[in-house]
Number of protein chains: 2
Amino acid sequence: MSDTQVPPNAAPVKAEAKADPRSPFPNPNQQTAKKLAQTVERATQVFADRGLRFTKLRQQVFAEIAATHASIGAYEILARLGEKGTRVAPISIYRAIDALLDAGVIHRLESKNAFFACRRTDHTVKGKRPIFLSCEKCGAVGEVDGQHIFDLIGEAAKGAKFNPRVKFVEVSGFCPRCATGET
Amino acid sequence: MSDTQVPPNAAPVKAEAKADPRSPFPNPNQQTAKKLAQTVERATQVFADRGLRFTKLRQQVFAEIAATHASIGAYEILARLGEKGTRVAPISIYRAIDALLDAGVIHRLESKNAFFACRRTDHTVKGKRPIFLSCEKCGAVGEVDGQHIFDLIGEAAKGAKFNPRVKFVEVSGFCPRCATGET
DNA sequence: CGCGCAATCGTTATATTATAACGCTTGCAG
DNA sequence: CTGCAAGCGTTATAATATAACGATTGCGCG
Ligand SMILES: [Zn+2]
Ligand SMILES: [Zn+2]
Ligand SMILES: [Zn+2]
Ligand SMILES: [Zn+2]
């Protein structure tokens, strides 16, 4: 199941080139090393601010996750690090993932048992919860603000005398670059 | 994890007896053999109406799922059927589950990799999608209508030029009978 | 009725995701 | 510089899910 490969050729089509880089689905071909470095830098900052240790392994795991806009499974991370010479046990990957989740720099996609890098700044600081949009074709995951929706879900739950603690909203479908009914 | 067994005797306690049976969280002690039979009967009807085969194994698997208001994992079903003398391979359980999901008589709880019986009639006929409320203490799962919320999620997705296909909303928390901060 | 096809199921094996247990190392507060 | 908690290595195993292939069964149709 090696999905989400970015076709290494993929010369950016003109129409795509203008995609707003602040869209939840920026053109991944525009993911430069520099942008990745910025993302890592932001994570570093989050760890520092919260007095957590952004260890080498955590950095490596985060870098693998952030290297793609798609979601990625723990064992895929394991394999990619392995190719780069970092051989660790699954448990180590999961421990790093747990720390990254706690820090809020990655999210877990429940419907795929996979993880992706958070590219927003507005909800690591809580109070602005996102909903996840996962592309069935290319695997890309985008986040859009869903605070209003989460509020309504909370109300619906309370209407059933249910006391909500954690809410999940995930959407599977097709991202802008993979179109709709396209084969 | 043998939770939520319905004590076959279960004399209804007075204080609990007044819970509205149409609530998403009816008192499971009131789950009589008769009610279970009704639930199975409803599933039978759905299969008949849609020209699908409600085979013996599917009935058995459905009965196990419907025997509790909690969600239940595939291997837990496997074990319970085993205790009753029906020894099958995991794949057979999963095949039955797939058929039950297709028929809409059970749902999958993505956040727990588990399944629960649908006890509503209004969304097996589509157009009235439910959100799932899963209790962290007793495991009970309730459904409440969420069509409005799903509509908003669809709009949020389209706002990001994302074409939604499948959506889910799950809430983890505490059901009315397990209270809030209660130890 | 009996043929033939598709759906179902059995059987075996394996893939994928995740955690338990225990001890060593390391960073750092005091 | 010592002692403790966090992090990590190592080994083993649990929990969830699917692949492959052949046998059986239900059932429409000639
Ligand atoms: Zn995020
Ligand atoms: Zn896509
Ligand atoms: Zn339902
Ligand atoms: Zn409960």
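We name chains A, B, ... by the order of the sequence lines, and we start the count at 1 in each one. Remember, predicted model here, so these are calculated numbers, not experimental data.
At least one donor-acceptor pair closer than 3.5 Å links the side chain of B:Arg119 to the backbone N or O of B:Ala66.
Listed by chain and number, the residues in a salt bridge (charged side-chain N to carboxylate O under 4.0 Å, His left out) with A:Lys84 are A:Glu64 (sequence neighbours excluded). By the side chain to side chain donor-acceptor pair (under 3.5 Å) test, A:Thr44 pairs with no residue at all, sequence neighbours left out. Residues meeting the side chain to side chain donor-acceptor pair (under 3.5 Å) test with A:Asn113, sequence neighbours left out: A:Arg108. Checked against side chain to side chain donor-acceptor pair (under 3.5 Å), B:Asp49 has the following partners two or more places apart in sequence or in another chain: B:Gln45. For B:His107, the ring pair (Phe, Tyr, Trp, His ring centres under 6.0 Å) test picks out B:Phe116, B:His123, B:Phe132, with sequence neighbours left out. Residues that satisfy the ring pair (Phe, Tyr, Trp, His ring centres under 6.0 Å) test with A:Phe54, not counting sequence neighbours, are A:Phe47.
In this structure, the CD1 atom of A:Ile97 is 10 Å from the C1' atom of C:dT17, given to the nearest Å. Between the CZ atom of A:Phe115 and the P atom of C:dT16 there is a distance of 16 Å, given to the nearest Å. For the pair B:Asn113 CG and C:dT16 P, the interatomic distance rounds to 16 Å; values are reported in whole Å. Atom OH in B:Tyr75 sits about 14 Å away from atom C1' in C:dA18, given to the nearest Å.
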Tabulate protein N/O versus nucleotide N/O from nucleotides 6-10 of chain C, keeping only pairs under 3.5 Å, one per line.
from	atom 1	to	atom 2	distance (Å)
C:dT8	OP1	B:Arg58	NH1	3.0
C:dT8	OP1	B:Arg58	NH2	3.2
C:dT8	O5'	B:Arg58	NH2	3.2
C:dC9	OP1	B:Thr55	OG1	2.5
C:dG10	OP2	B:Ser92	OG	3.0
C:dG10	N7	B:Arg95	NH2	2.5
C:dG10	O6	B:Arg95	NH1	3.1
C:dG10	O6	B:Arg95	NH2	3.4

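For DNA chain D, the contact window with chain A, defined by any atom under 4.0 Å from a protein heavy atom, covers D:dA6 to D:dT11 in 5' to 3' order.
Among pairs with a residue in residues 152-173 of chain A, those fulfilling salt bridge (charged side-chain N to carboxylate O under 4.0 Å, His left out) read A:Arg165-B:Glu136, at least two apart in sequence or across chains. Applying the ring pair (Phe, Tyr, Trp, His ring centres under 6.0 Å) test to every pair with at least one member in residues 133-167 of chain B, sequence neighbours left out, gives these pairs: A:Phe25-B:Phe162. Legend: ring pair (Phe, Tyr, Trp, His ring centres under 6.0 Å) pairs involving residues 82-106 of chain B, not counting sequence neighbours: none detected.
OP1 or OP2 of C:dA18 has at least one side-chain nitrogen or oxygen of A:Tyr94 nearer than 4.0 Å.
Over its full length, the helix from C:dC1-D:dG30 to C:dG30-D:dC1 turns its helical axis through 30°, comparing axes from the five pairs at each end and rounding to 10°.
Between B:Ile93 and B:Leu81, some side-chain heavy-atom pair lies under the 4.5 Å cut-off.
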